[in-house]
Amino acid sequence: MERYKAIKRLAVLSAELIEQVQFEDHQGRAEKIEPLLAQIITLALAASEDPEALKTNLSQTKIKDKGEI
């Protein structure tokens with residue numbers, strides 16, 4: 001049940017983030033977006049069945065993204 005609540009809250013926060021970006025010159029204001037991003041990451045870890053694997057996956061994705069720039 002806690003996982004379901006975290007996923008549901010994650011969806012709501014994601015919608016809030018999209019709204020911020022859409023209505024703030026397509027970039028958003030850091031003071032509004034950064035807290036949302038932090039909450040989204042925290043909830044994603046809480047909702048994950050294997051938070052450590054998710055952290056590893058995020059780290060690997062970050063490395064790949066840097067290589068593409």
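- The CZ atom of R3 sits 4.0 Å away from the CD atom of E49 when rounded to the nearest 0.5 Å.
- At least one side-chain heavy atom of K55 sits less than 4.5 Å from a side-chain heavy atom of E52.
- The closest side-chain heavy-atom distance from L13 to L17 is not below 4.5 Å.
- Rounding to the nearest 0.5 Å places CG of D50 at 10.5 Å from CG of N57.
- Clustering ILVMFWY residues whenever any of their side-chain heavy atoms sit less than 4.5 angstrom apart, transitively, puts L10 in the very cluster that holds L37.
- Follow the hydrophobic side-chain contacts under 4.5 Å out from L36 and you reach V21 in the same cluster.
- For the atom pair CD of Q20 and CD1 of I18, the computed distance is 11.5 Å after rounding to the nearest 0.5 Å.
- At distances below 3.5 Å, not a single donor-acceptor pair connects side-chain atoms of S48 with backbone N or O atoms of A44.
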